[in-house]
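Everything on this sheet refers to the single structure shown next.
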Number of protein chains: 2
Amino acid sequence: MDNHPLFKKFVAFTAAVHQITNDITKDVKPETLTPVQYKILEYIAVSQPVTLSEISDCMHMSMPNTSRELRKLTEKELLVKVTDPADRRKQGITLSPEGQAMIDEVFRGAAQRVGERIEHLTAEQQQEIERALDLLQEKIFYV
Amino acid sequence: MDNHPLFKKFVAFTAAVHQITNDITKDVKPETLTPVQYKILEYIAVSQPVTLSEISDCMHMSMPNTSRELRKLTEKELLVKVTDPADRRKQGITLSPEGQAMIDEVFRGAAQRVGERIEHLTAEQQQEIERALDLLQEKIFYV
DNA sequence: TGTTTTTGTTATCAAAAGACAACTAAAGGA
DNA sequence: TCCTTTAGTTGTCTTTTGATAACAAAAACA
């Protein structure tokens with residue numbers, strides 16, 4: 001597999017995705033957040049509600065460190081924790097209205113940049129891209 | 001564009017790519033490198049030869065910090081700097097044999113994991129994936 | 001009931017990473 | 001030639017991040 005033709009493409013592709021998404025969100029990220037805090041906020045945004053353990057697992061962070069960063073985000077009033085009535089050890093974490101507004105703003109900026117990259121394409125080409133995204137997510141980048 | 005159908009897919013897709021590549025390289029990364037040092041080594045691997053300025057630009061790091069990390073990687077004998085004879089301010093940075101061996105090892109591990117994700121697919125499906133990677137890289141994730 | 005497991009918190013220390021000032025050396029112009 | 005720009009270095013300080021130990025409370029279980 002090492003010299004499997006797909007693998008070289010895979011490496012180049014993922015490198016490109018990382019670089020482009022980095023560039024796209026680079027200067028729309030709120031400067032009041034550290035990189036890790038931003039990552040956490042983004043993760044909560046697409047997966048809410050989540051528990052602390054889930055964040056810890058998915059982001060490969062220890063529970064103590066996750067707990068600390070969540071506390072900081074809570075102090076900034078960007079998220080809210082709701083104790084699960086069925087299991088009072090767990091807490092469902094979601095974005096506060098302020099946190100949601102912040103993420104919406106970031107996504108708006110990112111959407112703008114993505115739009116610039118595809119607006120010159122025909123509707124048909126855009127559909128092709130949509131199908132390609134679906135295909136890859138289903139066959140390779142599934143969780 | 002904010003609620004452009006493609007954008008939602010884009011967000012979900014890039015999130016998935018980040019998570020999967022993270023998981024795939026997670027425990028094949030050499031523990032003698034810090035995360036930033038690994039990222040730099042990986043960047044050099046796919047772009048060599050590069051200059052310090054290019055690394056600084058692409059990775060959004062200041063020149064002093066980039067210089068420091070490159071020094072550490074050089075001390076670990078993982079890369080070599082060759083002064084450009086045409087412009088002696090510049091230095092072409094490449095992986096040393098040891099550095100190349102380390103990256104090859106990481107890529108071998110990653111290739112293994114990717115292989116597991118696609119080996120059950122038919123040759124036709126694999127070609128479809130290849131085409132999808134090409135398409136997206138050409139139309140969206142171009143540098 | 002007592003014990004263990006799960007879920008999370010607090011505190012502390014060390015390492016990694018970022019920011020910035022001051023500097024050198026080569027190249028490019030005027 | 002002198003001045004400016006480009007490419008990179010060194011040193012220092014601060015912030016961020018990671019690691020670990022010790023803890024508490026709820027749930028699960030024997």
Side-chain angles (χ1 to χ4, degrees), chain A residues 18-19 22-23 25-27 29-44 47-76 78-94, chain B residues 18-19 22-23 25-27 29-44 47-76 78-94:
Chain A
H18 275 87
Q19 187 173 341
N22 245 352
D23 287 349
T25 55
K26 175 77 177 121
D27 40 275
K29 284 183 196 168
E31 72 294 330
T32 55
L33 297 182
T34 70
V36 169
Q37 283 167 15
Y38 171 75
K39 276 283 168 204
I40 292 177
L41 210 69
E42 196 182 60
Y43 174 71
I44 296 173
S47 317
Q48 55 188 333
V50 287
T51 65
L52 192 149
S53 308
E54 286 167 344
I55 298 174
S56 173
D57 274 357
C58 285
M59 320 243 336
H60 306 297
M61 293 174 60
S62 70
M63 297 249 303
N65 292 335
T66 308
S67 178
R68 175 185 58 199
E69 298 309 322
L70 288 183
R71 181 173 47 72
K72 290 182 188 168
L73 287 168
T74 307
E75 281 164 2
K76 295 183 187 188
L78 295 172
L79 43 86
V80 289
K81 301 176 178 179
V82 177
T83 300
D84 180 350
D87 182 343
R88 286 162 50 214
R89 290 169 304 183
K90 298 185 185 173
Q91 34 190 236
I93 299 166
T94 54
Chain B
H18 276 86
Q19 187 172 340
N22 245 352
D23 287 348
T25 56
K26 174 78 175 117
D27 40 276
K29 285 184 196 166
E31 73 294 329
T32 56
L33 297 182
T34 69
V36 169
Q37 283 167 13
Y38 172 75
K39 274 282 167 205
I40 292 177
L41 210 67
E42 195 182 60
Y43 174 70
I44 297 174
S47 317
Q48 56 189 333
V50 286
T51 65
L52 193 150
S53 308
E54 286 168 344
I55 297 174
S56 172
D57 273 358
C58 286
M59 321 243 335
H60 307 296
M61 293 173 62
S62 71
M63 296 251 300
N65 292 336
T66 307
S67 178
R68 176 184 58 198
E69 297 309 322
L70 288 183
R71 179 173 50 71
K72 290 183 187 167
L73 288 169
T74 307
E75 281 164 2
K76 296 183 187 188
L78 296 172
L79 44 86
V80 288
K81 301 177 179 181
V82 177
T83 301
D84 180 350
D87 183 342
R88 288 164 46 214
R89 291 169 304 182
K90 296 185 185 173
Q91 33 189 236
I93 299 167
T94 55

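Sequence lines set the chain letters: A, B, ... in the order given, protein chains first and strands last, and positions in each chain run from 1. Not measured: the values here are computed from a predicted model. Atom set for the values below is all heavy atoms of this structure, side chains included, hydrogens, waters and symmetry mates excluded.
A/Ile55 has its CD1 atom 12 Å from the C1' atom of C/dG8, to the nearest Å. Atom-to-atom, CD1 of B/Ile93 to C1' of D/dA7 comes out at 11 Å; the value is rounded to the nearest Å. In this structure, CD1 of A/Ile40 is placed 13 Å from P of D/dT16, rounded to the nearest angstrom. Atom CD of A/Gln91 is separated from atom P of D/dA25 by 15 Å (rounded to the nearest Å). What separates CG of A/Asp57 from C1' of C/dG8 is a distance of 13 Å, to the nearest Å. Distance, A/Met63 CE to D/dA24 C1': 12 Å, rounded to whole Å. Between B/Glu69 atom CD and C/dA19 atom C1' the separation is 14 Å, expressed in whole Å. At whole-Å resolution of the value, CD in A/Glu31 and P in D/dT16 are 13 Å apart.
Residues B/Asp84 and B/Ala86 come closest through the heavy atom pair OD1-N, 2.8 Å.
In terms of phosphate contacts, A/Ser67 brings no side-chain nitrogen or oxygen within less than 4.0 Å of OP1 or OP2 of C/dT10. For D/dG8, neither phosphate oxygen OP1 nor OP2 lies less than 4.0 angstrom from any side-chain nitrogen or oxygen of B/Ser56. Dashed line: the shortest gap from a side-chain N or O of B/Lys81 to OP1 or OP2 of D/dT9 is under 4.0 Å. For A/Arg88 and D/dA26, the shortest distance from a side-chain N or O to OP1 or OP2 is below 4.0 Å. Between A/Lys39 and D/dT16 there is no side-chain polar atom (N or O) within less than 4.0 angstrom of OP1 or OP2. Distances shorter than 4.0 Å separate some side-chain N or O of B/Ser53 from OP1 or OP2 on D/dG8.
Nearer to the 5' terminus of DNA chain D, by closest-nucleotide assignment, is the contact made by B/Arg71 (compared with the other of A/Val36 and B/Arg71). Comparing B/Gly92 and A/Arg89 by the nucleotide of DNA chain D whose heavy atom lies nearest to each, the residue mapping closer to the 5' end is B/Gly92. Ranked by how close their nearest DNA chain C nucleotide is to the 5' end, A/Asn65 and A/Lys90 are led by A/Lys90.
In this structure, B/Pro64 reaches the bases: a heavy-atom distance under 4.0 Å links it to at least one base atom across the strands shown. Using a 4.0 Å heavy-atom criterion, one finds that B/Thr66 contacts no nucleic acid atom at all. Within the nucleic acid shown, B/Asp87 comes within 4.0 Å of sugar-phosphate atoms alone, with no base atom in reach, counting heavy atoms only. B/Gln37 comes within 4.0 angstrom of no nucleic acid atom, judged by non-hydrogen atoms across all strands.
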- Query: Are B/Asp23 and B/Gln19 close enough, and set up right, to give a side chain to side chain contact (heavy atoms under 4.5 Å, CB included), and what steps lead you there?
  - Reply: CA-CA 6 Å; B/Asp23 287 348; B/Gln19 187 172 340; 4.0 Å; yes
- Message: Would A/Met59 and A/Ile40 count as a side chain to side chain contact (heavy atoms under 4.5 Å, CB included) here? Give the steps.
- Response: CA-CA 8 Å; A/Met59 320 243 336; A/Ile40 292 177; 3.9 Å; yes
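The CG atom of B/Leu52 lies 11.0 Å from the CD atom of B/Glu69; values are rounded to the nearest 0.5 Å.
Side-chain atoms of B/Arg68 come within donor-acceptor range of the base of C/dG18, with a qualifying N/O pair under 3.5 Å.
Side chain of B/Ser56 to backbone of B/Met61: a donor-acceptor contact under 3.5 angstrom is found. Side-chain N or O atoms of A/Lys76 include none that pairs as donor or acceptor with a backbone N or O of A/Leu33 at under 3.5 Å.
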